[in-house]
Protein chains: 2
Amino acid sequence: MSEVDIFKALADPTRRAVFERLADGEKNATELREGFALSQPAMSQHLAVLRSAGLVAEQRSGRHVHYRVNPDGLAQIHQWLHRYRAFWPQRVDELKQLLQEMDQ
Amino acid sequence: MSEVDIFKALADPTRRAVFERLADGEKNATELREGFALSQPAMSQHLAVLRSAGLVAEQRSGRHVHYRVNPDGLAQIHQWLHRYRAFWPQRVDELKQLLQEMDQ
DNA sequence: GACTCACATAAGTCTGTGCTTATGTATTGA
DNA sequence: TCAATACATAAGCACAGACTTATGTGAGTC
């Protein structure tokens, strides 16, 4: 779950799409395949990459494995981005608005 | 300068290191090579990737080309991250502190 | 216990990419 | 104008990674 792994995991468009689908709600590997023209092993491999990058978490339930977004991964990216905060002052207003939304 | 390009550009550790050096201040391609065991063409290719991803900007000055961080790229990542803001409420306090810092 | 289902893992293929050396192209200075 | 400097581009190589089919594994079902 290093910085390397995270950006590499997100570099693949398919994995980003999978992650996006998980953001809509928890799903198992079979449900995730719906809409993707992808073999079962391919999806399994993508999920393994996302998991080892700390972007998704899994939870076994019988013979199903439920996957969900792991906030730790996003926090890692946020932390990386934070190092370069000096370069996006124009985003301050948007952040303020975001925080207001979250307070409500 | 799409989402794809940005994450792919940052997936390479060498390119992230180059970007980090540029965050310290504007540098030309030769200055950037210092400390890297990398050929001149390799650096040139990395810079081309970072540039086409919108992460760095260039400015020709005579026979030198000065590179600097392009905030647009960081803003792209920030925007992507913003889509998943629901998953990192625990970061709110840090953000608030950040904004206070930036106000001063 | 045999079968099916939901996954993971193995092994092989093919494409992408990061590196190299070699060469091209402006720009500067003698 | 000729050489040197600062970089980009070309071409080729080697490895990484995204995919496939085949197989393994563990949990439910009959």
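To find a chain, count down the sequence lines: A is the first, B the second, and so on, and within it residues start at 1.
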J.: What pairs meet the ring pair (Phe, Tyr, Trp, His ring centres under 6.0 Å) rule with one or both residues in residues 23-42 of chain A, with sequence neighbours excluded?
T.: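 The answer is none; no pair qualifies.
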J.: Rounded to whole angstrom units, what separation is found between the CE atom of Met43(B) and the C1' atom of dT17(C)?
T.: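 It works out to 17 Å between those atoms.
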J.: Nearest-Å distance, CD (Glu58(A)) to P (dA8(C))?
T.: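 One finds 7 Å between P of dA8(C) and CD of Glu58(A), rounded.
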J.: Whole angstrom is fine here: how far is it from NE2 in His66(B) over to C1' in dT5(D)?
T.: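 Going from NE2 in His66(B) over to C1' in dT5(D) covers 14 Å.
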J.: Can you sort out the partners of Asn28(A) under side chain to side chain donor-acceptor pair (under 3.5 Å), two or more places apart, ordered by chain and number?
T.: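 Side chain to side chain donor-acceptor pair (under 3.5 Å) list for Asn28(A), sorted by chain: His64(A).
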J.: Could you list all the salt bridge (Lys or Arg N to Asp or Glu O under 4.0 Å) pairs where at least one residue sits in residues 25-38 of chain B, not counting sequence neighbours?
T.: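 Qualifying pairs: none.
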J.: How does protein contact run along nucleotides 17-30 of chain D, one letter per nucleotide 5' to 3', with B for base contact, S for sugar-phosphate only, - for none, heavy atoms under 4.0 Å?
T.: SSBBBB----BS--
J.: Can you find a side chain N or O atom of Tyr67(B) that sits less than 4.0 Å from OP1 or OP2 on dA6(D)?
T.: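 No.
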J.: Round to the nearest Å and state the distance from Phe36(B) atom CZ to dG18(C) atom P.
T.: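 Atom CZ in Phe36(B) sits about 14 Å away from atom P in dG18(C).
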J.: How many Å lie between CD on Glu31(B) and C1' on dT5(D), as a whole number?
T.: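 My rounded result for the distance is 14 Å.
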J.: side-chain contact (heavy atoms from CB on, under 4.5 Å) with Ala23(B): which residues, sequence neighbours excluded?
T.: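 Checked Ala23(B) against side-chain contact (heavy atoms from CB on, under 4.5 Å); matches are Tyr84(A), Phe87(A), Val69(B).
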J.: Roughly how many Å is it from CD in Gln59(B) to C1' in dT27(C), rounded to a whole number?
T.: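 Taking CD of Gln59(B) and C1' of dT27(C), I get 16 Å after rounding.
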J.: Provide, to the nearest angstrom, the distance between the NE2 atom belonging to His64(B) and the P atom belonging to dT28(C).
T.: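 Taking NE2 of His64(B) and P of dT28(C), I get 9 Å after rounding.
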J.: Would you please classify the geometry between the Trp80(B) ring and the Phe7(B) ring as parallel, tilted or perpendicular, with 30° and 60° separating the classes?
T.: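 Because their plane-to-plane angle is over 60°, the rings of Phe7(B) and Trp80(B) count as perpendicular.
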J.: Does anything in residues 37-47 of chain B pair up under side chain to side chain donor-acceptor pair (under 3.5 Å), and if so which pairs, sequence neighbours excluded?
T.: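 For residues 37-47 of chain B, and leaving out neighbouring residues, the side chain to side chain donor-acceptor pair (under 3.5 Å) pairs sorted by first residue read Arg15(B)-His46(B).
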J.: Given atom NZ of Lys27(A) and atom P of dA6(C), what is their separation to the nearest angstrom?
T.: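 Between P of dA6(C) and NZ of Lys27(A): 17 Å.
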J.: Examine dA6(C): is either OP1 or OP2 under 4.0 Å from a nitrogen or oxygen in the side chain of Asn28(A)? Give yes or no.
T.: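 Negative; the distance criterion is not met.
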